[in-house]
Amino acid sequence: MVFDVLIIGGGVAGMQCALVLGSAKSKPFVTDKNIGIIINQRASHLQNALFKNVLGLEPSTLGKDILESGKKHLSELYPHVHQIETEKVTAVLDNENSLYKIITNKNIYLSSKVVIALNYSKPFLIEGLMQYLEPHMRANPAKDRVQLRNFNHLIKEGLYACGTIAGWRSQFAIAAGSGASVATDILTDWNDGNHTKIHDKI
Ligand SMILES: Cc1cc2nc3c(=O)[nH]c(=O)nc-3n(C[C@H](O)[C@H](O)[C@H](O)COP(=O)(O)OP(=O)(O)OC[C@H]3O[C@@H](n4cnc5c(N)ncnc54)[C@H](O)[C@@H]3O)c2cc1C
């Protein structure tokens with residue numbers, strides 16, 4: 001399958017990125033775009049988290065419930081976003097015709113843009129990305145966390161990082177904001193560089 005954008009990672013940053021991209025469907029520069037997310041959630045930091053300090057989340061919301069409700073939210077409101085479940089990405093490689101080749105344990109995908117929304121935990125073993133790996137700038141060095149070298153989320157043309165793997169501190173709101181930020185960067189690019197955001201109104 002060939003995508004215009006493929007998000008890798010189904011945690012906070014990845015799902016928020018997918019929701020903003022999905023919500024732009026009616027825009028003329030998005031209607032023909034094929035958007036996907038590899039929504040493997042086994043290694044998400046949400047699995048064990050409990051949230052009392054996130055605006056808009058009911059205090060004591062469980063992270064594992066957000067993993068489920070996030071997928072449902074995405075499929076009910078934006079079913080055109082392809083959710084690829086349970087596959088584990090092993091490589092993100094440069095390919096011909098300005099496409100990236102994304103290899104999982106089950107399939108191979110091609111995509112013009114790729115958003116890396118994995119987290120900052122080691123081991124990080126994704127072929128094609130190892131040259132961008134560096135120590136995390138905003139985490140306790142004793143924890144040995146990692147990030148992908150980027151400038152304002154952009155690793156290189158068409159390749160983005162968001163959430164903790166982009167070098168942000170591990171807080172739900174920061175990861176979500178980072179995913180939303182990358183989504184609006186991509187929408188702005190698709191909109192010929194005109195700054196773009198997606199708002200619903202009453
Ligand atoms: C125990 C705990 C408690 C916390 N409590 C709070 C709190 O009270 N308040 C707060 O603000 N924050 C809290 N956090 C932090 C918050 O959960 C994280 O900041 C947030 O989850 C980071 O989002 P992320 O998208 O960077 O990573 P994640 O949410 O971890 O998402 C990364 C995704 O990448 C996927 N993935 C990994 N490897 C692969 C692969 N090879 N192929 C495909 N997919 C892959 C994972 O399965 C996961 O879905 C807590 C975290 C933990 C662990």
Side-chain angles (χ1 to χ4, degrees), residues 3 5-21 36-75 81-93 100-109 111 114-130 132-133 136-140 143-148 150 153 155 159-183:
F3 291 96
V5 60
L6 185 61
I7 301 160
I8 300 173
V12 178
M15 287 198 288
Q16 183 62 69
C17 184
L19 286 168
V20 175
L21 286 172
I37 176 167
I38 296 180
I39 202 157
N40 180 339
Q41 298 183 319
R42 274 190 64 184
S44 174
H45 285 169
L46 287 178
Q47 293 286 1
N48 301 315
L50 169 71
F51 295 100
K52 301 181 181 179
N53 60 1
V54 180
L55 183 69
L57 287 188
E58 192 65 31
S60 298
T61 296
L62 297 176
K64 64 181 171 57
D65 290 341
I66 298 171
L67 288 171
E68 284 310 312
S69 62
K71 282 195 292 193
K72 192 161 169 270
H73 182 174
L74 192 56
S75 60
V81 176
H82 296 272
Q83 293 191 40
I84 302 163
E85 293 213 41
T86 68
E87 294 184 28
K88 188 173 176 186
V89 174
T90 56
V92 177
L93 307 172
Y100 288 97
K101 184 196 264 187
I102 300 94
I103 303 176
T104 76
N105 54 335
K106 296 182 185 160
N107 282 303
I108 295 178
Y109 305 97
S111 187
V114 176
V115 179
I116 310 296
L118 310 177
N119 61 44
Y120 64 178
S121 300
K122 281 172 94 174
F124 183 99
L125 299 168
I126 310 241
E127 191 189 341
L129 297 179
M130 302 312 287
Y132 306 112
L133 206 63
H136 202 281
M137 281 169 39
R138 296 186 186 89
N140 180 351
K143 299 264 178 136
D144 199 18
R145 306 298 196 182
V146 290
Q147 65 180 47
L148 294 171
N150 68 89
H153 295 117
I155 299 171
L159 185 63
Y160 303 79
C162 63
T164 49
I165 193 65
W168 297 110
R169 289 193 188 91
S170 179
Q171 288 288 160
F172 186 103
I174 297 176
S178 171
S181 181
V182 167

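Note that the structure is a prediction, hence the values are computed from the model and not measured. Side chains included, hydrogens not; waters and symmetry mates left out as well; all remaining heavy atoms used. Whatever order the structure lists them in is the order used to number ligands and atoms, beginning at 1.
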Under 3.5 Å, is there a donor-acceptor pair between the side chain of T104 and the main chain of E87?
no

Name the orientation class of the two ring planes belonging to F172 and F51 (parallel below 30°, tilted from 30 to 60°, perpendicular beyond 60°).
perpendicular

Count the heavy atoms of every other residue, nucleotide or ligand shown that sit under 6.0 Å from CD of Q47, and state whether that count exceeds 12.
yes

Review item, side-chain donor-acceptor pairs of residues 9-16, under 3.5 Å, at least two apart:
none

Hey, is ligand 1 close enough to S44 that some N/O pair sits below 3.5 Å?
yes

Note the single closest protein heavy atom to atom 17 (O) of ligand 1, along with its residue, its atom name and the distance in Å.
F51 CZ, 3.7 Å

R138 side chain to R169 main-chain N or O, any donor-acceptor pair under 3.5 Å?
no

Give the atoms of ligand 1, by number and element, whose distance to some non-hydrogen atom of A175 is under 4.0 Å.
22 (C), 23 (O)

Examine the proximity of ligand 1 to N53 and report which part, side chain or backbone, both or neither, has a heavy atom under 4.0 Å away.
side chain

I want to know if ligand 1 touches I8 in the polar sense, i.e. an N/O pair below 3.5 angstrom.
no

Can you tell me if A117 has a non-hydrogen atom under 4.0 Å from ligand 1?
yes

Nearest neighbour in protein (non-hydrogen) for atom 11 (O) of ligand 1
Q171 NE2, 2.6 Å

Give the residue, atom name and distance (to 0.1 Å) of the protein heavy atom nearest atom 15 (C) of ligand 1.
S170 OG, 3.3 Å

Do any nitrogen or oxygen atoms of V54 come within less than 3.5 Å of a nitrogen or oxygen of ligand 1?
no

Any nitrogen or oxygen of L46, main chain or side chain, under 3.5 Å from a nitrogen or oxygen of ligand 1?
no

Can a donor-acceptor pair be found, under 3.5 Å and without considering hydrogens, that links the side chain of Q147 to the backbone of M137?
yes

Proximal candidate to atom 2 (C) of ligand 1 [heavy atom criterion; set A173, A49, C162]
A49

So F124 and L148, do their side chains get closer than 4.5 Å, heavy atoms only?
yes

Looking only at distances, please establish whether an N/O atom of ligand 1 is found under 3.5 Å from an N/O atom of I38.
no

Can you check whether G163 has an N/O within less than 3.5 Å of an N/O in ligand 1?
no

Kindly confirm or rule out an N or O of K88 lying under 3.5 angstrom from an N or O of ligand 1.
no

Could you tell me whether the side chain of S44 and the main chain of Q41 form a donor-acceptor pair under 3.5 Å?
no

Could you check whether any side-chain N or O of H45 sits under 3.5 Å from a backbone N or O of S121, counting only pairs where one atom can act as donor and the other as acceptor?
no

Do the side chain of T164 and the main chain of S170 share a donor and acceptor less than 3.5 angstrom apart?
no

Per-residue contact class, R42 against ligand 1 - non-hydrogen pairs under 4.0 Å
backbone

Within a distance under 4.0 Å of any heavy atom of A13, pick out the atoms of ligand 1 and give their elements.
25 (O)

Can you check whether N105's main-chain N or O pairs, donor with acceptor, with T90's side chain at less than 3.5 Å?
no

Can an N or O of N119 be found at a distance shorter than 3.5 Å from an N or O of ligand 1?
yes

Is atom NZ of K52 surrounded by more than 12 heavy atoms (other residues, nucleotides or ligands) closer than 6.0 Å?
no

Which atoms of ligand 1 sit under 4.0 Å from any heavy atom of V89?
40 (C), 41 (N), 42 (N), 43 (C)

Does an N or O anywhere in N40 fall below 3.5 Å from an N or O of ligand 1?
yes

Answer yes or no: is there a donor N or O on one side and an acceptor on the other, between the side chain of N40 and the main chain of R42, under 3.5 Å?
yes

Do I7 and V81 have side chains that get closer than 4.5 Å, going by heavy atoms?
no

Return the option from G70, G9, A161 holding the heavy atom at the smallest distance from atom 34 (O) of ligand 1.
G9

Heavy-atom distances under 4.0 Å decide this one: backbone, side chain, both or neither, for A43 against ligand 1?
both

For atom 20 (C) of ligand 1, closest protein heavy-atom neighbour
V12 CG2, 3.7 Å

For L125, state whether at least one heavy atom is located under 4.0 Å from any atom of ligand 1.
no

